[in-house]
Amino acid sequence: MSDGFSITCSGRFRYAKGGGIPLHRHDDDYQIQLVYAGSANVRVNDSQYFVKSGDIIFVKKGDLHEFRVVSEDVLKTLEVKFSHPGAEELELIDRIAELFSDQDNQIYSLFTLIVQEGYMKYPCYTKMSTTLMIESLIHMARFCMGSDGERYDIVTEKVKKGKSRSAMIQSVTDYIYRHIDTHFTLKEMADECGYNQDYIYRTISNELGMSCVQYINSIRFEEAKKMIQYTELSISEICWNLGFDSLQYFSRFFSQRAKMSPTEYLKTFRNNVRTDY
């Protein structure tokens, strides 16, 4: 990573039908705009594009560009600007097309983290955001280089001690996801999975380093974050979809783990948020 490379702005934006940004250029900044809802007509220099959810527009510094929302619903984007790329970053930039598609929300996930870092201003957030940007550029270059539908996946989960999960853990995990919208008991889970309860408890503790209840709650928490980030469901709807009987209890459950209420978390990920670094 070059010493001068840095993010200058990151944000999450909404644009109403007929809205957009008129023709302009950035003399120093590169801009990446990821659409995750709605559609728009985009111009970059002499090229015209129609973009929809999952599309990514990459605008190099000095390029003339504009866009206009054409969908009935609002256009929602994640946007990052950066400047002063070094030789390594420029090599990646040269491999990235003006228009391409995200793969399985991989860039969306990285950009979401960048926006969150800037909004929350965690310790060393500028360093973290820049590191995430480098990772994004690498994956975007790979997307654009891939041929014959080749896909590149970001590894997001590490299994303890490098071991594969046992068949029992996988069976329990599948059960949790299938019944995540219900209030099931541990006995019901054990009976359907075909394992002794004590054996399930011991195996989860040995392989994952947590109790069975903690494991179920960790999955529910991750799903709650995904529903807030990737859907337009209300907090109440997310609560019921995850099998909670009480909105108050769900709020307390989420707040203890995220260190903010679900409403505050939703504002971070759905409202207009811009950070100038």
Side-chain angles (χ1 to χ4, degrees), residues 1 5-15 21 26 29-40 42 44 47 49-61 63 65 67 71 74-83 85 88-120 125-147 149-157 222 225-232 268-275 277:
M1 185 188 302
F5 179 78
S6 62
I7 292 180
T8 56
C9 174
S10 67
R12 181 182 298 266
F13 302 97
R14 294 186 177 207
Y15 302 93
I21 302 294
H26 307 295
D29 290 338
Y30 295 76
Q31 175 180 300
I32 303 174
Q33 185 178 51
L34 187 156
V35 176
Y36 66 94
S39 57
V42 175
V44 181
S47 299
Y49 302 107
F50 172 77
V51 300
K52 60 188 184 305
S53 181
D55 287 339
I56 298 174
I57 290 286
F58 183 42
V59 179
K60 297 181 180 179
K61 69 174 183 177
D63 285 349
H65 58 286
F67 74 91
S71 56
V74 296
L75 181 79
K76 301 177 185 179
T77 66
L78 286 169
E79 302 178 22
V80 177
K81 294 178 183 176
F82 63 89
S83 63
E88 292 182 352
E89 293 85 34
L90 286 172
E91 184 177 351
L92 294 170
I93 287 169
D94 287 341
R95 298 177 183 272
I96 300 175
E98 281 185 350
L99 173 66
F100 58 100
S101 296
D102 196 3
Q103 291 185 10
D104 302 324
N105 285 327
Q106 295 187 51
I107 304 303
Y108 181 97
S109 297
L110 288 168
F111 275 23
T112 294
L113 292 173
I114 292 173
V115 171
Q116 184 180 17
E117 286 288 331
Y119 178 75
M120 298 301 298
Y125 76 93
T126 55
K127 184 70 171 180
M128 176 62 79
S129 296
T130 303
T131 302
L132 290 167
M133 189 66 243
I134 291 291
E135 185 175 354
S136 300
L137 290 175
I138 292 171
H139 287 286
M140 288 188 287
R142 288 180 176 180
F143 294 170
C144 296
M145 291 163 56
S147 59
E150 185 175 6
R151 303 184 74 80
Y152 296 90
D153 296 320
I154 298 174
V155 178
T156 57
E157 181 176 347
E222 290 303 316
K225 290 195 296 182
K226 289 178 182 177
M227 288 182 182
I228 290 175
Q229 293 178 26
Y230 302 151
T231 76
E232 292 299 307
T268 300
F269 286 98
R270 294 193 190 174
N271 291 357
N272 285 1
V273 173
R274 172 176 172 143
T275 301
Y277 285 72

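These numbers come from the heavy atoms of this one structure, side chains and all, not from hydrogens, waters or symmetry mates. Residue indices begin at 1 and follow the sequence shown.
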Indicate yes or no for a side-chain donor-acceptor contact from Ser71 to the backbone of Ser39 under 3.5 Å, with no hydrogens or angles considered.
-> yes

Value for CE (Met133) from OH (Tyr30), rounded to nearest 0.5 Å, stands at 12.0 Å

Side-chain H-bond candidate by donor/acceptor type, Tyr125 with Thr275, under 3.5 Å | no

Could you please spell out the steps behind the side-chain contact (heavy atoms from CB on, under 4.5 Å) verdict for Ile134 and Glu89?
-> CA-CA 8 Å; Ile134 291 291; Glu89 293 85 34; 3.5 Å; yes

Out of curiosity, Leu78 CG to Ile56 CD1, how far, rounded to the nearest 0.5 Å?
-> 9.5 Å

With no hydrogens and no angle check, is any side-chain donor or acceptor of Asp29 less than 3.5 Å from a backbone partner on His26?
-> no

Would you say the side-chain atoms of Glu91 pair up with the backbone N or O of Glu88, donor to acceptor, closer than 3.5 Å?
-> no

Please tell me if the side chains of Ile107 and His139 come closer than 4.5 Å, counting only heavy atoms from C-beta onward.
-> yes

Do we see a donor-acceptor contact under 3.5 Å between the side chains of Tyr277 and Ser129?
-> yes

Would you list the atom pairs, donor with acceptor, under 3.5 Å between side chains in residues 109-116 and any protein atom, with sequence neighbours excluded?
| from | atom 1 | to | atom 2 | distance (Å) |
| --- | --- | --- | --- | --- |
| Ser109 | OG | Asn105 | O | 2.9 |
| Ser109 | OG | Tyr230 | OH | 2.9 |
| Thr112 | OG1 | Tyr108 | O | 2.8 |
| Gln116 | NE2 | Tyr122 | OH | 3.4 |

Which residues share a side-chain hydrogen bond (donor to acceptor under 3.5 Å, both in side chains) with Asp63, sequence neighbours left out | Asn45

Does a side-chain heavy-atom distance below 4.5 Å link Met140 with Phe100?
-> yes

Quick one: list whatever passes side-chain hydrogen bond (donor to acceptor under 3.5 Å, both in side chains) with Lys81, sequence neighbours left out.
-> none

To the nearest 0.5 Å, atom OG1 of Thr130 lies from atom CD of Glu135 at 13.0 Å

Find out whether Arg274 and Cys9 are in side-chain contact, i.e. whether some heavy atom of one side chain is under 4.5 Å from a heavy atom of the other.
-> yes

Can you check whether Phe143 reaches Gln106 side chain to side chain, under 4.5 Å on heavy atoms?
-> yes

CD1 (Ile57) and CG (Leu99) are apart, to the nearest 0.5 Å, by 4.5 Å

Pairwise side-chain contact, Phe13 with Val273, heavy-atom cut-off 4.5 Å (strictly under) | no

Would you check if Tyr36 and Arg12 make a side-chain contact, meaning some heavy-atom pair closer than 4.5 Å?
-> yes

Answer with yes or no after comparing the ring centroid distance for Tyr15 and Phe67 against a 6.0 Å cut-off, counting only values under it.
-> yes

Out of curiosity, Arg142 CZ to Ile138 CD1, how far, rounded to the nearest 0.5 Å?
-> 6.5 Å

Kindly indicate, with the supporting measurements, whether the criterion side-chain contact (heavy atoms from CB on, under 4.5 Å) is fulfilled by Asp55 and Val42.
-> CA-CA 11 Å; Asp55 287 339; Val42 175; over 6 Å; no

Do other residues, nucleotides or ligands put more than 12 heavy atoms under 6.0 Å from Lys225 NZ?
-> yes

Below 4.5 Å, heavy atoms only, C-beta onward: do Ser47 and Glu98 meet side chain to side chain?
-> yes

Do Leu75 and Thr77 touch side chain to side chain, with heavy atoms closer than 4.5 Å?
-> yes

Supply the atom-to-atom distance Leu92 CG to Leu90 CG, rounded to the nearest 0.5 angstrom.
-> 9.0 Å

In sequence, state the C-alpha distance, the side-chain angles, and the governing distance for Phe58 and Ile93, and then conclude on side-chain contact (heavy atoms from CB on, under 4.5 Å).
-> CA-CA 9 Å; Phe58 183 42; Ile93 287 169; 3.7 Å; yes

Going through the checks in order, is the side-chain contact (heavy atoms from CB on, under 4.5 Å) test met by Tyr49 and Val44?
-> CA-CA 8 Å; Tyr49 302 107; Val44 181; 4.3 Å; yes

